[in-house]
Amino acid sequence: MTTLVLNVDRDNDFGVKAGIKGPLIGYSQCYNAAVKLITVDPEDSDANALFGALKHYEHLQSKGEDVDIALITGDEDVGEKSDEILSSQIEQVIGTGKYNDVVLISDGAEDDYIIPLILSRAKIRYVKHIIVRHNQNIESLYYYIVKAMQDKKLIKKIYIPVGLILLTYGVTALSFAIFFDFIGKSAVNPSFYAFTLVTVVIGGYFTERGFDIKDHLMVMIRDIETYSEEARLMFISSIISIGIILVGIASTYSIFYNTSMLPLNRVLYFFQIFSLWVYASIISRALFKIADIYVGGSKSSSTLYYAISFSVSAEILLFGIIGYIRYALKFTGFGYSLFSIVLIVLGVSIALITAGIHKRKDIATAISPIGKDGQ
């Protein structure tokens, strides 16, 4: 029986950087793949690991053993997706029953996650890790920091959680310090402001790198420029919708603090009033969408009208439900409860009527082509 020297690239550097798709079986194919990857990226550890596997293959062959070599590749999205691909490739290579045992060669412990997948099909003889040695000049703190900042896998695992923690702490601490300083209840040491500002800056930098906020902002700016160039009404509607939300926050905030109510009743009343502003924002955007359709000469879509109708029913229901909750908690009188019940019934009725009309139109649309074919 034959021993298989198996090299694993779980994060698919061979595919991403060199365009090589696994599985590869045989010395020549694996050698060409290693040369191609190390030519593209001389620092990639997966190329060095495959060269290590090739050397180990030659070592076993020199001892007179019947040996073969293969490379399997996963996916950049390390986890379920990559392991499913590796499982399929392991079945293609080992599932034939040709190999008696496997020697697993990899560049680190991350690839060892697939050991159970291999054991389900063949015996593992041993595992060998190929650790790349660097010279003294390269092994500098600056080098490792720069390489870490360019490693997307490391960014997702470390930058995002660390950045969010630092940013949350900095913003929260700074907000409380400014608030208490403003009301005069405590004087904050200037060094504390400096420390929290540094925390916010570092947290913001890590968060930006983790989520690629700069790239998303550039896309958004390009979209805004496109809308501006085309003079689309939807660009104006976005500004108006945001303006309505901001006015709603200010107006509802004023009502919230100028009304003498119990705390829970004030919170419920706040959401009840604020929901009207949110709905006004949604409706304004929908109306601009309708105007944009007619101005642009596009075909009107009935789906938009159904969406407006459902949003009307949703707002009426929400307003009525919150109102009835306030009555149930004895914050309002019986008359207000009747008003809330009427709103709930009205909201449900509008939703049912809209759904019925929408359903009948869909059925009519589906039957129409059949009728034409029958003629």
Side-chain angles (χ1 to χ4, degrees), residues 1-134 151-154 156-157:
M1 296 294 284
T2 305
T3 296
L4 175 67
V5 177
L6 181 64
N7 180 236
V8 180
D9 175 21
R10 194 177 183 215
D11 56 0
N12 195 27
D13 282 342
F14 279 95
V16 174
K17 298 178 181 179
I20 297 169
K21 185 178 180 182
L24 301 179
I25 303 175
Y27 185 92
S28 60
Q29 289 195 49
C30 292
Y31 179 81
N32 292 334
V35 170
K36 188 172 183 180
L37 179 57
I38 207 163
T39 303
V40 175
D41 185 1
E43 297 176 344
D44 194 288
S45 60
D46 286 296
N48 290 279
L50 185 51
F51 275 120
L54 290 164
K55 181 180 179 181
H56 200 71
Y57 165 87
E58 293 173 345
H59 170 69
L60 294 178
Q61 197 174 50
S62 66
K63 293 168 59 178
E65 296 189 24
D66 186 9
V67 63
D68 201 355
I69 186 169
L71 165 69
I72 57 174
T73 58
D75 190 84
E76 190 178 8
D77 183 11
V78 176
E80 293 182 5
K81 185 175 181 180
S82 64
D83 290 350
E84 285 179 2
I85 295 172
L86 288 172
S87 179
S88 174
Q89 293 186 15
I90 289 170
E91 181 63 32
Q92 294 178 50
V93 177
I94 306 176
T96 57
K98 176 182 176 182
Y99 304 109
N100 185 42
D101 53 20
V102 174
V103 175
L104 179 61
I105 309 286
S106 73
D107 64 340
E110 184 182 68
D111 295 329
D112 293 350
Y113 279 99
I114 70 155
I115 286 178
L117 300 178
I118 300 172
L119 286 172
S120 65
R121 296 166 177 84
K123 181 178 67 174
I124 293 180
R125 187 166 163 183
Y126 51 82
V127 177
K128 184 178 177 62
H129 290 156
I130 304 299
I131 308 299
V132 181
R133 292 192 299 270
H134 297 288
D151 190 340
K152 291 185 178 181
K153 292 179 288 183
L154 186 64
K156 291 179 181 179
K157 292 178 181 178

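Treat the numbers as computed from the prediction; the structure is a model and nothing was measured. Side chains are part of it too, since the values below use all heavy atoms of this structure and drop only hydrogens, waters and symmetry mates.
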Asp101 and side chain to side chain contact (heavy atoms under 4.5 Å, CB included): which single residue from Ile124, Leu4, Thr3 fits?
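Answer to the side chain to side chain contact (heavy atoms under 4.5 Å, CB included) test with Asp101 among Ile124, Leu4, Thr3: Thr3.
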Of Val103, Val102, Leu104, the residue whose pairing with Tyr126 passes side chain to side chain contact (heavy atoms under 4.5 Å, CB included):
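Result: among Val103, Val102, Leu104, Val103 is the only option passing the side chain to side chain contact (heavy atoms under 4.5 Å, CB included) with Tyr126.
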Results of salt bridge (Lys or Arg N to Asp or Glu O under 4.0 Å) for Lys128 - residues two or more places apart only
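Partners of Lys128 by the salt bridge (Lys or Arg N to Asp or Glu O under 4.0 Å) criterion come out as none, since no residue qualifies.
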Please walk me through it: do Val93 and Tyr99 pass side-chain contact (heavy atoms from CB on, under 4.5 Å)?
CA-CA 9 Å; Val93 177; Tyr99 304 109; 4.1 Å; yes
Would the distance check show the side chain of [X] and the main-chain N or O of [Y] forming a donor-acceptor pair, the cut-off being under 3.5 Å?
X: Ser87; Y: Asp83; result: no
X: Asn7; Y: Ile105; result: yes
X: Asp9; Y: Phe14; result: yes
X: Glu76; Y: Asn12; result: no

How far does [atom1] of [X] sit from [atom2] of [Y], to the nearest 0.5 angstrom?
X: Ile38; Y: Ser45; atom1: CD1; atom2: OG; result: 10.5 Å
X: Leu60; Y: Lys55; atom1: CG; atom2: NZ; result: 12.5 Å
X: Lys63; Y: His59; atom1: NZ; atom2: NE2; result: 4.5 Å
X: Ile85; Y: Arg10; atom1: CD1; atom2: CZ; result: 11.5 Å

Would Ile114 and Ile72 count as a side-chain contact (heavy atoms from CB on, under 4.5 Å) here? Give the steps.
CA-CA 11 Å; Ile114 70 155; Ile72 57 174; 4.0 Å; yes
side-chain contact (heavy atoms from CB on, under 4.5 Å) between Asp46 and Lys17: does it pass, once the steps are laid out?
CA-CA 11 Å; Asp46 286 296; Lys17 298 178 181 179; over 6 Å; no
Specify the closest pair of heavy atoms between [X] and [Y], including all atoms of both residues, with the distance to one decimal.
X: Ile130; Y: Asn48; value: CG2-O, 3.8 Å
X: Ala34; Y: Leu54; value: CB-CD1, 4.4 Å
X: Asp13; Y: Leu37; value: O-CD1, 3.9 Å
X: Arg121; Y: Leu117; value: NH1-O, 2.8 Å

List, one per line, each side-chain donor-acceptor pair under 3.5 Å for residues 20-33, sequence neighbours excluded.
residue, atom, partner, partner atom, Å
Tyr27, OH, Glu58, OE2, 2.5
Gln29, NE2, Ile25, O, 3.3
Asn32, ND2, Ser28, O, 3.1

For a 4.5 angstrom cut-off between non-hydrogen side-chain atoms, does Ile118 reach Ile90?
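Side chain of Ile118 against side chain of Ile90, heavy atoms only: contact under 4.5 Å found.
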